[in-house]
Amino acid sequence: MTVDLTVDLGGLKLRNPVMPASGCFGFGREYSEYYSLDTLGAVVVKATTLKPRLGNPTPRVTEVTGGMLNAIGLANPGLSKVLTEELPWLERQNVPIFVNVAGDTVEDYCSVVDEVCRSGLAQAIELNVSCPNVELGGLAFGVNSSVLRGLVEEVRKVCTLPLYVKLSPNVTRIQDLAVAAASGGADGLSLINTLVGMQIDLATRKPALANKTGGLSGPAIKPVAVRMVYEVAREVNLPIVGMGGICSGRDVAEFIMAGAWAVEVGTANFTDPYACPRIVAELKSFMEAEGIKNLEEIRGCAL
Amino acid sequence: MTVDLTVDLGGLKLRNPVMPASGCFGFGREYSEYYSLDTLGAVVVKATTLKPRLGNPTPRVTEVTGGMLNAIGLANPGLSKVLTEELPWLERQNVPIFVNVAGDTVEDYCSVVDEVCRSGLAQAIELNVSCPNVELGGLAFGVNSSVLRGLVEEVRKVCTLPLYVKLSPNVTRIQDLAVAAASGGADGLSLINTLVGMQIDLATRKPALANKTGGLSGPAIKPVAVRMVYEVAREVNLPIVGMGGICSGRDVAEFIMAGAWAVEVGTANFTDPYACPRIVAELKSFMEAEGIKNLEEIRGCAL
Amino acid sequence: MLVKESKQLTRDVFALTLEGQFDYDKVTAGRFVHVLIEDGKAHPLRRPISIASCDSHAKTLTLVYRVVGDGTLWLSKRIRGDTVSLLGPLGKGFVAPHKPGKVLIVGGGVGVPPLFQLAKELVQENFELDIVLGFRSQGDVFWTEEFAQFGRVTVCTEDGSLGEKGFVTAVIDVTNDWTTLYSCGPKAMLKALRNHFAGSTIQGYVSLEERMACGVGACWGCTCLDPSGSLAKRICKEGPVFSWEEVSL
Amino acid sequence: MLVKESKQLTRDVFALTLEGQFDYDKVTAGRFVHVLIEDGKAHPLRRPISIASCDSHAKTLTLVYRVVGDGTLWLSKRIRGDTVSLLGPLGKGFVAPHKPGKVLIVGGGVGVPPLFQLAKELVQENFELDIVLGFRSQGDVFWTEEFAQFGRVTVCTEDGSLGEKGFVTAVIDVTNDWTTLYSCGPKAMLKALRNHFAGSTIQGYVSLEERMACGVGACWGCTCLDPSGSLAKRICKEGPVFSWEEVSL
Ligand SMILES: Cc1cc2nc3c(=O)[nH]c(=O)nc-3n(C[C@H](O)[C@H](O)[C@H](O)COP(=O)(O)OP(=O)(O)OC[C@H]3O[C@@H](n4cnc5c(N)ncnc54)[C@H](O)[C@@H]3O)c2cc1C
Ligand SMILES: Cc1cc2nc3c(=O)[nH]c(=O)nc-3n(C[C@H](O)[C@H](O)[C@H](O)COP(=O)(O)OP(=O)(O)OC[C@H]3O[C@@H](n4cnc5c(N)ncnc54)[C@H](O)[C@@H]3O)c2cc1C
Ligand SMILES: Cc1cc2nc3c(=O)[nH]c(=O)nc-3n(C[C@H](O)[C@H](O)[C@H](O)COP(=O)(O)O)c2cc1C
Ligand SMILES: Cc1cc2nc3c(=O)[nH]c(=O)nc-3n(C[C@H](O)[C@H](O)[C@H](O)COP(=O)(O)O)c2cc1C
Ligand code: FES
Ligand code: FES
């Protein structure tokens, strides 16, 4: 049986539904030493901000059962270096590029999105709305429907590429935020970002991360992520990129059945640098074994 | 070195800070065949409702990486049997009893709390506010500050025992709900209840639980729980009973350092029926090794 | 307990014999053990597996299981000398026939193993047994010769590749004079059997399965309903063996 | 790779020798491997451990580590024939001295192991070595005799129970004519060493530690800052070895 792994994300065609998640794959250079990036559906690059950022003090990663906490703090070389040094290289790898964009203010987001779109170096924008909104006293953009809608509306005005809004799971009803993003003009939704967590270091009796809290990712969050994809898929009619704890082709199938069109793989890259191509191969075998010809056949079948 | 494990929860003295969590220990009979219940700080019994409940259809438990999902659906024999058959037996085990109370309406809660208090068979009430509020279309009592405050105020009127409100983690800012419970008259806070999650069964291509979603518990949620205890401890000056993924004495220490006064142990009982007494012993050794004389010495030290 | 021997019986069915300390006195056919997977960190829930055979003199316990997921896969990789943590024996097993007379035992797939210990116990009490064992296909068949020492064995396979072709009900003549029927297997088989004997006076027992957390009756994860649908029974505690009258299938 | 030998060196320090396929050609002193714990399910992050010694002819690799938590505890229980998954060699190791002349090597605790491979390489290139190894106490000392084959070894312990009493700086005379200093150990030691040599023309190198996720430069989890504090360097990629001029300690 031949299996069709391609995905059509509203016109943007992907070879397969598996892309490395933002922040877990840099700008692609490091893992390109392990395999050719054109085996991936797309690459979602590290959150890019207007100015370069050093991020939070270290320690900024730590392990927990079935997952990890990170408080990288959006460390990145800044828009200008990303456009001149990172994206041109990545473009030559023959793989669609999603640029994950972060900011402190609506204006920041708009500037970055505008320039990325004008550069012609990216195929889609992923808006990371889990960042604290400095104008609103540090509450994340992504936890309040009207704030989120406002942000998406403004970004939409300058965004000429498919616009994916990456939702925060640290909310009471994620479907409300999904609706807000959709009505603001999103072309698709990515979910989930990390859950806020903390670990205490018993030796120092203080939080293990210098930033105190960090984002929980990895298998530990998969059930929450699958539930959220399911809830959003029932209420919003936009392509969904699902993620959270994906480690295997079977995990991908769970997300697709819950309503995702494509997926991102984050933490699993750290456990296994070959995780992404392995997961593509596993998904293919799963589909062959189950007689599933293409992803649409099972997309949202659990709804 | 002698270590003092006792906890004074606003007048209610516990031998040690470890109690089995509601729903994970029935009414104590089953685990009393494994060890004597008077080794525990207290026992938190299964959610009790006014009328008997069969709960949700099966399957209603399933395993996920580092945790489990449950959708028991508040199955319980109902208030009257609890008062006549369960609590009298448990009272004879010489261990403080927390009765976990659930309901569909404010009235339900009040009736159960009232009768439990009058029975003289319990030492504290734990209000499970993760239940859907039928009067408000199924939104849980515990996800909206004013709804929660209203519930707690009403229950407070009839509650003559220490009143612990058990917070849901499925909210944007748990500290707001904690404040609401406190201003409604809670004597203490228990947290966290389970995170809403889902697993898809690849064989049936449907959710693994008949109820579709279920509550995620176990080590997977520990970082979220520790973070929430920490956040609540910084904003509310009430005793906190922390829980979520506790499996060892070191885990207890993490919660105490994050601000908990006592803890509950749920899922770990299933992995190891001797979990609770083992955890008490491990906590004691940890304190001995670290030269910690009593829990107050480390309570909230990570804040 | 320590692994004494692990034996592959079919493509996906394994027999694991454990030795060492265990509450052998409390074993009766139909009771089960709750098996810890690794150290329980990635797998916090134990796996319920019926006791297929128990020898309290040799101090050994045998579990027969099909590899269907992570837990049983892990179990299948244990080798002699490895340690496996068991909780049990748990639940309520098969009760002896209330009346003397011939007994019918019907097993399907990995429902067969607990019936081995049952047959052993019943023969010790001098009951005469007819044993019907159903499998999907020839390659799935195991332990039929072991059962032959206890009574007359009829094997059937769904595809007819061994023994009679079809489901177990196809080879069971309801007019036979069995007083008691013990069954364990897929729910569809248990249901079909009860329907097959509708109107008969035979006393029927079924062993049920449900996903379990605690295994001891504390979490109410594993309930089934009584025939009225108004009372819940915990399969791990009041079961897994129930009489036909006690549960709705 | 396959475990060839696991040897306990002190109360909590173990030497693990692995054999089999590995990118031996790319090993240089100071580079590290990223070790998978079990199957990575409960422990999704690998553990960075320096290469203590490498023999590309015998196809063996030795790691020396202290048991401090779950991961290293698991590692300490591996026995001959077990498999351990490694990623690497990763990072940038020690670079050879720019100038000829005597070399000073200073290690503290489990900072000592990578210096063994370094000493081996430097001696092959005919450098003369002075080696100072600091430990907490007599019971923590390991591999000092192994180092003696490469140069003059001075051992010190914080409590004076073996060798000189005190920190490594107490036994290092800055007026000596070393051209290059290589150090690995606790940050406090690295800092003290640099201060000790303040104003000297010696070329100093440090090997840094930080909590890591990817280990390959992709996650920016493990950064340190340059002396100006305005540029981040990834310890796993640009390091773990840095010259004094490159980083703020
Ligand atoms: C009382 C009882 C006795 C049993 N006796 C046997 C036996 O003798 N031989 C045998 O092969 N099988 C038996 N089973 C079924 C056996 O428990 C499952 O096949 C096993 O738990 C699957 O575990 P896994 O990790 O391989 O599968 P997974 O699918 O990875 O397990 C995931 C979760 O689902 C549960 N689960 C999956 N399938 C079942 C099932 N059929 N019944 C209950 N829980 C399930 C697991 O326990 C685990 O919690 C019995 C079940 C019960 C309830
Ligand atoms: C480049 C490099 C080389 C190293 N080489 C050695 C060596 O040769 N010998 C040796 O004994 N140790 C070495 N370490 C330290 C070693 O990585 C840790 O001791 C080890 O990861 C602890 O793992 P654990 O699971 O036992 O501890 P846990 O505390 O349970 O680990 C929890 C998490 O914290 C991380 N972590 C804990 N301590 C450290 C630490 N000191 N540095 C970095 N991460 C840490 C772990 O990797 C893991 O992700 C090195 C560290 C780095 C960065
Ligand atoms: C180290 C690390 C850095 C991350 N950085 C970003 C980021 O810059 N932008 C973003 O939107 N998400 C970021 N994330 C979140 C991931 O993209 C992803 O949403 C999350 O980790 C869940 O997926 P996983 O469980 O597969 O890791 C980061 C996650 C990790 C672990
Ligand atoms: C099977 C099961 C049943 C539960 N039933 C209840 C309940 O009736 N009332 C309640 O407040 N919490 C209930 N909980 C939640 C637990 O009390 C606890 O808050 C949660 O499981 C987190 O702790 P843990 O990770 O230690 O299990 C239940 C949890 C489980 C696993
Ligand atoms: S499994 Fe917990 S009651 Fe049966
Ligand atoms: S550990 Fe990921 S960049 Fe260094």
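Quantities reported herein were computed from a predicted structural model and do not represent experimental measurements. Letters A, B, ... mirror the listed sequences (proteins, then strands); counts begin at 1. Worth knowing before you read on, the calculation uses all heavy atoms, side chains too, and leaves out hydrogens, waters and symmetry mates.
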Which of residues 73-91 of chain C have a heavy atom under 4.5 Å from any heavy atom of chain B? L87(C), L90(C)
Among G67(B), G55(B), P20(B), which has the most heavy-atom pairs under 4.5 Å with chain C? G67(B)
Once you round to the nearest 0.5 Å, how far does SG of C219(C) lie from CG of N70(B)? 8.0 Å
If you take all heavy atoms of P44(C) and G66(B), which pair is closest and at what distance? CG-C, 3.7 Å
Can you pull out the residues in residues 5-40 of chain C with any heavy atom less than 4.5 Å from chain B? L36(C), G40(C)
Is P273(B) in contact with chain C via its backbone, its side chain, both, or neither, using a 4.5 Å heavy-atom distance? side chain
How close do T62(B) and R211(C) get, counting heavy atoms only, and between which atoms? OG1-NH1, 2.7 Å
Flag side-chain contact, heavy atom, 4.5 Å: E210(C) against P59(B): yes
Just wondering, more than 12 heavy atoms not from K92(C) lying within 6.0 Å of its NZ? yes
Using a cut-off of 6.0 Å, state whether more than 12 heavy atoms not belonging to R15(B) lie near its atom CZ. yes
Using a 4.5 Å cut-off on heavy atoms from C-beta on, say whether the side chain of V216(C) contacts that of Y34(B). yes
Using non-hydrogen atoms only, which part of Y31(B) is less than 4.5 Å away from chain C: side chain, backbone, both, or neither? side chain
Separation between OG1 of T58(B) and CD of E209(C), rounded to the nearest 0.5 Å: 12.0 Å
Tell me the closest heavy-atom pair linking R60(B) and W220(C), and the distance in Å. NH2-O, 2.8 Å
Within a radius of less than 6.0 Å around NZ of K212(B), do more than 12 heavy atoms belonging to other residues, nucleotides or ligands occur? no
Which of residues 231-249 of chain C have a heavy atom under 4.5 Å from any heavy atom of chain B? L231(C), A232(C), R234(C), K237(C)
Could you state the interatomic distance from OG (S230(C)) to CG (L54(B)), rounded to the nearest 0.5 Å? 7.0 Å
Among residues 45-67 of chain C, residues within the sub-4.5 Å heavy-atom range of chain B, in order of number, are L45(C), R46(C), R47(C)
